[in-house]
*Asks:* 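Here it is: the structure, laid out below.
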Amino acid sequence: MSMNTHFMNPAQDGLIRVEAHLISRGRKMFFVEARITREDQLIATGAGTFRYVLGGENEEGVPLV
């Protein structure tokens, strides 16, 4: 897994919106990008490559062993 985060502006009081989008996926890995904004001001961006976890498709989460 790898993840990069870039902070552009400080977060102020008010409603903060986070949007994440699945960019691509394979059998074992997937790539996601995200943006955090407040009143159309960009606060931060992020991108990451993640690996699927066995049992992760279960809405209740991955069982503890």
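Given the structure is predicted, the values throughout are model-derived calculations rather than measurements.
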*Asks:* With sequence neighbours left out, what residues match Phe30 under ring pair (Phe, Tyr, Trp, His ring centres under 6.0 Å)?
*Replies:*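 With sequence neighbours excluded, Phe30 shows a ring pair (Phe, Tyr, Trp, His ring centres under 6.0 Å) to Phe50, Tyr52, given in chain and number order.
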*Asks:* Between Phe31 and Ala47, which heavy-atom pair has the shortest distance, and what is it?
*Replies:*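 The pair with the smallest heavy-atom distance is CZ-CB, 3.9 Å.
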*Asks:* Hydrophobic clustering (ILVMFWY, side-chain heavy atoms < 4.5 Å, transitive) - are Met3 and Leu22 grouped together?
*Replies:*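 Same hydrophobic cluster.
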*Asks:* Which atom pairs, one a donor and one an acceptor, fall under 3.5 Å between side chains of residues 4-16 and the rest of the protein, sequence neighbours left out?
*Replies:*
residue : atom : partner : partner atom : Å
Asn9    : ND2  : Leu42   : O            : 2.7

*Asks:* Can you sort out the partners of Arg17 under salt bridge (charged side-chain N to carboxylate O under 4.0 Å, His left out), two or more places apart, ordered by chain and number?
*Replies:*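 Listed in chain order: Glu19.
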*Asks:* Report the distance from atom CD of Glu33 to atom OG of Ser24, rounding to the nearest 0.5 Å.
*Replies:*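 If we round to the nearest 0.5 Å, Glu33:CD and Ser24:OG are 9.0 Å apart.
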